[in-house]
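Quick notes on the structure that follows.
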Amino acid sequence: MKLIDISMTLSKETPNWPGDTPFHYEIAWPMAESGSVNVGKIEASTHIGTHIDAPFHYDDAGQKTDELDLNRYFAKAAVIDCTGLSEIKKDHINFKGEAVTAVLFKTCAWQNRQVFPESIPVLGTEVPAYLKEQGINLIGVDLPSVDHLESKELPVHHALYAQHINILEGIVLDEVEAGMYQLIAMPLKIKGGDGSPVRAVLISEK
Ligand SMILES: Nc1ccccc1C(=O)C[C@H](N)C(=O)O
Ligand SMILES: [Zn+2]
Ligand SMILES: [Zn+2]
């Protein structure tokens, strides 16, 4: 069984959403002071790097990070190659395989992970209803958002939410072939949270 890491590295080079809290790590209590151990301290937006959005991120009444159903993040997942598309339409979505509950879109549109992208491909607003019909309850993108970066209305976030589909953002799929995998991407149990960084991995079904 081979794990494929599809997570971004968290460091001071990890680009944050413009204006949001950057990632910061420091050794707050070095061994020389504590006498026994190095102890670190972290600060960051909950939407840093590879992360999930809790529905509370886009709806005040939505589910919080600690209330999420973890089954969704331990899922049979189809990776779909959408390289070069500026809008992903439902015709691009073809996967075979039973009991698939997650679809991961490989766009390869965010190559340099040390810089926040200027523009990104988006999902067509008809895609969520189609995915729901296929039994999907989680989608993932190799991008910092499922909507246009300037969007304030977040039509795709809301269209997914209306279909009870959760969102995983910032995965790295450049080296991953289209096909079927087991996905594991567990959010931290942050009480009242609006999202969480995750360590996302795939296990090949082959
Ligand atoms: N961190 C932010 C700060 C301000 C405005 C949006 C964001 C976002 O994170 C939006 C993005 N669609 C996201 O869910 O990750
Ligand atoms: Zn997010
Ligand atoms: Zn989002």
Side-chain angles (χ1 to χ4, degrees), residues 6-24 42-70 72-73 75 77 82 86-88 102-107 109-125 127-129 131-132 136-173 183-200:
I6 57 166
S7 319
M8 287 173 68
T9 298
L10 295 175
S11 77
K12 61 183 190 321
E13 276 76 43
T14 311
N16 52 276
W17 191 272
D20 204 354
T21 316
F23 180 83
H24 175 82
I42 52 179
E43 182 184 52
S45 166
T46 42
H47 299 266
I48 194 80
T50 307
H51 70 277
I52 57 92
D53 290 353
F56 176 58
H57 181 50
Y58 32 82
D59 175 12
D60 279 337
Q63 240 180 1
K64 315 271 175 66
T65 309
D66 59 319
E67 298 164 350
L68 295 167
D69 174 12
L70 295 183
R72 293 196 180 207
Y73 305 95
C82 301
S86 59
E87 182 174 339
I88 299 161
V103 169
L104 308 178
F105 295 99
K106 173 182 175 179
T107 71
W110 186 12
Q111 285 294 311
N112 184 354
R113 296 291 173 122
Q114 305 208 346
V115 192
F116 200 82
E118 282 181 8
S119 74
I120 57 169
V122 290
L123 290 185
T125 42
V127 168
L131 290 175
K132 185 70 193 179
I136 301 306
N137 61 27
L138 178 75
I139 66 129
V141 288
D142 56 356
L143 303 164
S145 184
V146 292
D147 274 291
H148 283 297
L149 297 172
E150 316 66 47
S151 175
K152 292 280 177 251
E153 283 78 33
L154 304 180
V156 182
H157 281 80
H158 286 285
L160 288 164
Y161 184 42
Q163 304 297 339
H164 307 286
I165 298 172
N166 288 12
I167 302 169
L168 167 65
E169 294 166 326
I171 52 178
V172 184
L173 296 174
L183 166 75
I184 309 174
M186 293 296 155
L188 298 177
K189 204 166 181 176
I190 301 173
K191 191 167 171 69
D194 63 296
S196 171
V198 295
R199 185 68 182 260

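Each ligand, and each atom within it, is numbered from 1 in the order the structure gives. All values derive from a computational prediction rather than experimental measurement.
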Ranked by distance from atom 12 (N) of ligand 1, the top protein heavy atom is Ser145 OG, 2.9 Å
Less than 4.5 Å apart, side chain to side chain, heavy atoms only: is that true for Val172 and Arg113? yes
heavy-atom search around atom 14 (O) of ligand 1 in the protein gives His57 NE2, 2.8 Å
If we number the atoms of ligand 1 from 1 as shown, the ones under 4.0 Å from a heavy atom of Asp20 are 1 (N), 2 (C), 3 (C)
Review point. Is His57 close enough that one of its N/O/S atoms sits under 2.8 Å from the Zn ion (ligand 2)?
Key: no
Per residue His47, nearest N, O or S atom to the Zn ion (ligand 2) is named ND1
Among N, O or S atoms, Glu169 approaches the Zn ion (ligand 2) most closely through OE1
Quick note on ligand 1: atoms under 4.0 Å from a heavy atom of His51 include exactly 15 (O)
Student check: side-chain heavy atoms of Ser145 and His157 closer than 4.5 Å: yes
So the atoms of ligand 1 within less than 4.0 Å of a heavy atom of Glu169 turn out to be 12 (N), 13 (C), 14 (O), 15 (O)
Check whether Ser196 reaches the backbone of Leu188 with its side chain - one donor and one acceptor, N or O, closer than 3.5 Å. yes
Looking at His157, the N, O or S atom sitting nearest the Zn ion (ligand 3) is NE2
(message) Within the 4.5 Å heavy-atom criterion, are Lys106 and Ile171 side-chain neighbours or not?
(response) no
When every non-hydrogen atom of Ala159 is compared with those of Thr125, the smallest separation belongs to CB-O, 4.2 Å
field: Check: Leu160 and Tyr58 side chains under 4.5 Å, non-hydrogen atoms
entry: no
Is there side-chain contact between Asp20 and Ile48, with at least one heavy-atom pair below 4.5 Å? no
Of all the N, O or S atoms in Asp53, the one nearest to the Zn ion (ligand 3) is OD2
Could you say whether the N/O atoms of Trp17 and ligand 1 ever approach to under 3.5 Å?
no
If we number the atoms of ligand 1 from 1 as shown, the ones under 4.0 Å from a heavy atom of Asp53 are 13 (C), 14 (O), 15 (O)
Ligand 1 to His157, heavy atom cutoff 4.0 Å, flagged ligand atoms 12 (N), 14 (O)
Heavy-atom nearest pair, Ile6 first then Thr50, reads O-OG1, 4.0 Å
Would you call Thr46 and His51 a side-chain contact if the rule is heavy atoms closer than 4.5 Å?
no
